[in-house]
Amino acid sequence: SVSAFLLNRSSDLEMIVIFLMRWSGNTQAQHLLNINYRQMGKINTKNTTDGMFMAMVKAAMTGSELRVKPTDDEWTQLFRMSKKHAVVGLLWSVVCKHKMPMTLAVQWASEAEQIRGLNGLMNDEAATLTEAFRNWGIKTVILKGQANTRLYNDPLVRQPGDIDIWVEGGKERVMKLLIEMGFTQPQDLKGRNGKNLVNYHHVHLPKNDRGEDVEVHFRPSSGNYTPL
C-alpha cells in the first residue's frame, strides 16, 4: 500500500514530498502524511514551527495557499529546518511571497538560486553520460536524485546530490567498459591507489572537472539487476 511504502522510508522527507505532489486532493493524503511524520520522530505536528514547516512543504508541492505568519525567530527556525531536510529550493518557491527578515530573505534566495544552477549542471552531466554510453551502443537509466526531479512541479528546486546511472552489462562488463571509455583506471578499481571505488552495486567514479560525483550502477539497487 501507499502508506506502507511511505512508512518503510520514513527517514526520507523526499518520499513525503513526492507523495504530496502525486496524491494532492486525495482524502487520505493528510492522514497518511501525519502518520509518516510521527514515524519519523523528527517533526512534531503539534509544535507551531513544525506545523508551519509541514504546511510549507504541502503548499510547495500541491499549489495550495500558504497561510502562515511566522515571527522573525520562527522564520530563522524554518530556514534551518529547510536546510536540515534539504528542501531550501522547494520551500523558497512559496515563502518568497511572504514577508521575512531581509537578511534571511537574501540568504534563502541566494541558496535557492544556487540549487537551480547546480541542477542545471547535473542535468547536463547526466545527458552527457547518457549520450556517451549510447554512442557505445549501451543502454542506461538515470536513477534516484536527478530522475526524481521529473516528479516536481519545478524540476530545478530539488536539492541535488550525485548522479546515479545504471549501465547494462553486469559488473565485470561495466568495469571493463569504464576503463575502455577512459572514466577510470584498472588500478583504481582494484584499490591499488588507495581508492576503493567498487561496492556491491556500483562504481564510484573520481570527481570530474566540475566537482560532480557519479556512481555507475551495474545493479540499480542491492536487490535488483535491471530497471528495464
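Keep in mind that the numbers below use all heavy atoms, side chains included, and drop hydrogens, waters and symmetry copies.
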_Against Leu129, only a single residue in Val167, Val214, Asp124, Ile142 fulfils side chain to side chain contact (heavy atoms under 4.5 Å, CB included); can you say which?_
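It is Val214, the one option of Val167, Val214, Asp124, Ile142 that forms the side chain to side chain contact (heavy atoms under 4.5 Å, CB included) with Leu129.
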
*Carefully, step by step, assess Arg116 and Glu111 under the rule salt bridge (Lys or Arg N to Asp or Glu O under 4.0 Å).*
CA-CA 9 Å; Arg116 298 185 70 85; Glu111 293 194 21; over 6 Å; no

Taking all atoms of both residues into account, what is the closest heavy-atom pair of [X] and [Y], and its distance?
{"X": "Ile163", "Y": "Ala126", "answer": "CD1-N, 3.9 Å"}
{"X": "Leu91", "Y": "Ser82", "answer": "CD1-CB, 3.9 Å"}
{"X": "Ala55", "Y": "Val68", "answer": "CB-CG1, 4.3 Å"}
{"X": "Ala109", "Y": "Trp92", "answer": "CB-CZ2, 3.4 Å"}
{"X": "Trp166", "Y": "Phe218", "answer": "NE1-O, 3.5 Å"}
{"X": "Glu168", "Y": "Gly137", "answer": "OE2-O, 3.9 Å"}

*For Thr149 and Gly145, indicate whether the former's side chain and the latter's backbone hold a donor-acceptor pair under 3.5 Å.*
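Side chain of Thr149 to backbone of Gly145, a donor-acceptor pair under 3.5 Å: no, none is there.
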
_Donor-acceptor pair, side chain of Trp108 and main chain of Val88, under 3.5 angstrom_ =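 It does hold such a pair.
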
Drop me the distance from [X]'s [atom1] to [Y]'s [atom2], to the nearest 0.5 angstrom.
{"X": "Asn135", "Y": "Glu131", "atom1": "CG", "atom2": "CD", "value": "4.5 Å"}
{"X": "Phe53", "Y": "Leu78", "atom1": "CZ", "atom2": "CG", "value": "8.0 Å"}
{"X": "Lys144", "Y": "Ile165", "atom1": "NZ", "atom2": "CD1", "value": "13.0 Å"}
{"X": "Met175", "Y": "Thr184", "atom1": "CE", "atom2": "OG1", "value": "10.5 Å"}
{"X": "Met122", "Y": "Leu156", "atom1": "CE", "atom2": "CG", "value": "12.5 Å"}
{"X": "Gln77", "Y": "Asp72", "atom1": "CD", "atom2": "CG", "value": "11.5 Å"}

Would you mind reporting whether [Y] and [X] have side-chain heavy atoms less than 4.5 Å apart?
{"X": "Asp162", "Y": "Glu212", "answer": "no"}
{"X": "Thr103", "Y": "Gln107", "answer": "no"}
{"X": "Arg158", "Y": "Ile115", "answer": "no"}
{"X": "Arg134", "Y": "Thr140", "answer": "no"}
{"X": "His98", "Y": "Trp75", "answer": "yes"}
{"X": "Leu205", "Y": "Glu215", "answer": "no"}
{"X": "Pro70", "Y": "Met100", "answer": "no"}
{"X": "Asn119", "Y": "Pro155", "answer": "no"}

*asked:* If hydrophobic clusters are built by linking Ile, Leu, Val, Met, Phe, Trp and Tyr wherever their side-chain heavy atoms come under 4.5 Å apart, do Trp136 and Ile179 end up in the same one?
replied: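 The answer is yes; both residues are in one hydrophobic cluster.
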
*Mind checking whether Leu118 and Leu90 sit in one hydrophobic cluster, side chains of I, L, V, M, F, W, Y counted as touching below 4.5 Å?*
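Each belongs to a different hydrophobic cluster.
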
*Are the charged groups of Lys69 and Glu74 less than 4.0 angstrom apart, N to O?*
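No, this pair does not count.
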
_Test log, rule side chain to side chain contact (heavy atoms under 4.5 Å, CB included), inputs Gln159 and Val87_ = CA-CA 6 Å; Gln159 181 74 47; Val87 288; over 6 Å; no

*Begin from the C-alpha positions of Met81 and Asp50 and carry the test side chain to side chain contact (heavy atoms under 4.5 Å, CB included) through to its verdict.*
CA-CA 9 Å; Met81 291 177 70; Asp50 290 350; 3.3 Å; yes

*Worked check of ring pair (Phe, Tyr, Trp, His ring centres under 6.0 Å) between Phe183 and Phe133*: CA-CA 11 Å; Phe183 284 116; Phe133 285 108; 5.7 Å; yes

*So, Asp164 and His217: side-chain donor and acceptor under 3.5 Å apart, yes or no?*
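Their side chains do contain a donor-acceptor pair, which is all the 3.5 Å distance test asks for.
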
*Go through the steps to decide whether Leu177 and Ile138 satisfy the test side chain to side chain contact (heavy atoms under 4.5 Å, CB included), and finish with yes or no.*
CA-CA 10 Å; Leu177 185 65; Ile138 304 297; 3.8 Å; yes

